[in-house]
Amino acid sequence: RASVSLRTRSPCAVCASRCTVACPHRKTCTFPDPNPVKNMPQRIGYAAGAYDLFHVGHLNILKRANEQCDYLIAGVVSDEMLELTKKLRPTVPLDERLEIVRSIRYVDEAVAETVPDKLETWRGLHFTTFFKGDDWRGTEKGLRLEREFAAVGVEVVYFPYTVNTSSTGLRRALALIEEMSDRARA
């Protein structure tokens, strides 16, 4: 994939580096680019996920998303949002999940997803393509998401999940190991 050339801005007030659109401090930088959108890549993708217990299924989604856009933003769902939306406490804390996802070569930028409304996330990031697992396809929430995004010109692309690999399965296996270990100690 050709490398994306992003115009640099004045030195960041937070980290003193030459900020790009991907600077982690861009929201607090006091030297914003007067028109950062004109220099952004054509197709900006957004792939949201918990990315907890990172596995090959996560890697496959990010790789496939990367192949379909010029710039890929991975939204890593915050601990609080996981608890709110899935009633699930992540095994790996948000800051570590962000670091893992940022380190994947297919990802240009990783951000914490802190709101349940995907349209609100879009208002902050202005992606053009939203990547989602095909378990949402045809569901009430998936159809609503497609309608909302169509109204602002965002394409929704569904990917199939990797068969036999999931964070849920890994969590179950870890719970069984923990249970067996507790029994052995008793």
Side-chain angles (χ1 to χ4, degrees), residues 1-10 12-15 17-52 54 58-82 84-86 90 94-133 136 141-159:
R1 166 172 142 155
S3 104
V4 175
S5 174
L6 297 175
R7 184 171 154 241
T8 59
R9 302 189 278 184
S10 301
C12 175
V14 177
C15 65
S17 69
R18 299 287 295 180
C19 290
T20 65
V21 176
C23 175
H25 309 108
R26 73 180 192 278
K27 290 182 179 172
T28 58
C29 183
T30 58
F31 300 101
D33 185 333
N35 191 1
V37 176
K38 74 177 180 179
N39 294 304
M40 285 295 290
Q42 290 285 314
R43 191 164 184 188
I44 302 167
Y46 184 74
Y51 301 111
D52 194 26
F54 197 90
H58 296 136
L59 188 63
N60 288 341
I61 286 172
L62 294 171
K63 181 179 181 182
R64 291 188 69 194
N66 170 279
E67 291 167 353
Q68 296 191 36
C69 63
D70 299 311
Y71 188 84
L72 179 61
I73 302 169
V76 181
V77 180
S78 72
D79 298 352
E80 296 79 18
M81 287 309 305
L82 280 173
L84 176 70
T85 60
K86 293 189 174 187
L94 175 62
D95 59 334
E96 292 179 25
R97 291 182 285 126
L98 275 166
E99 186 62 30
I100 290 165
V101 173
R102 276 190 189 112
S103 299
I104 305 299
R105 71 177 179 194
Y106 306 118
V107 174
D108 295 295
E109 179 179 357
V111 298
E113 186 174 281
T114 58
V115 294
D117 183 0
K118 303 296 184 197
L119 201 54
E120 187 175 336
T121 300
W122 170 81
R123 286 184 191 104
L125 297 173
H126 301 287
F127 46 85
T128 60
T129 309
F130 181 79
F131 300 105
K132 191 67 187 154
W136 277 45
K141 62 184 176 182
L143 294 170
R144 181 173 16 91
L145 184 78
E146 289 174 28
R147 281 190 307 274
E148 290 174 352
F149 277 152
V152 295
V154 173
E155 176 187 11
V156 177
V157 175
Y158 292 102
F159 291 137

* Heavy atoms only: give me the nearest L82-P90 pair and the separation to one decimal. => CD1-CB, 3.8 Å
* Does R43 use its side chain to pair, donor to acceptor, with the backbone of Q68 at less than 3.5 Å? -> yes
* To do: State, yes or no, whether a side-chain contact exists between E113 and T121 at a heavy-atom distance under 4.5 Å.
  => yes
* For F149, enumerate each residue passing the ring pair (Phe, Tyr, Trp, His ring centres under 6.0 Å) test, keeping only those at least two apart in sequence or located in another chain. => F127, F130
* How many angstroms lie between OH in Y46 and CG in L72, if you round to the nearest 0.5 Å? -> 10.5 Å
* Please name the pair of heavy atoms, one in L62 and one in A74, separated by the smallest distance, quoted to 0.1 Å. => CD2-CB, 4.2 Å
* **Closest approach of A47 to A65 (non-hydrogen atoms, all atoms of both residues)** => CB-CB, 4.5 Å
* Can Y106 and L59 be said to form a side chain to side chain contact (heavy atoms under 4.5 Å, CB included), step by step? -> CA-CA 9 Å; Y106 306 118; L59 188 63; 3.8 Å; yes
* Structure fact -> To the nearest 0.5 Å, atom CZ of R123 lies from atom CD of E120 at 7.0 Å
* Asked: Any donor-acceptor pair under 3.5 Å linking the side chain of T129 with the backbone of E155?
  -> no
* Gap separating the NZ atom of K141 from the NZ atom of K118, nearest 0.5 angstrom -> 9.5 Å
* Distance (rounded to the nearest 0.5 Å) between N66 CG and I61 CD1 -> 13.5 Å
* With sequence neighbours left out, write down each residue that passes salt bridge (Lys or Arg N to Asp or Glu O under 4.0 Å) with E146, or none if nothing qualifies. => none
* Return the minimal non-hydrogen interatomic distance between D108 and D70, and the atom names on each side. => OD2-O, 4.1 Å
* To do: Report yes if the side chains of L143 and R147 come closer than 4.5 Å at any heavy-atom pair, otherwise no.
  => yes
* **Pairwise side-chain contact, R97 with D52, heavy-atom cut-off 4.5 Å (strictly under)** => yes
* Structure fact -> Heavy atoms of A50 and V77 approach each other most closely as N-CG2, 4.1 Å
* **Rounded distance (nearest 0.5 Å) linking atom CD1 of I100 with atom CG of D95** => 9.5 Å
* **Step-by-step side chain to side chain contact (heavy atoms under 4.5 Å, CB included) determination, W122 to V152** => CA-CA 9 Å; W122 170 81; V152 295; 3.7 Å; yes
* Asked: Side-chain contact, heavy-atom cut-off 4.5 Å: I104 with F54?
  -> yes
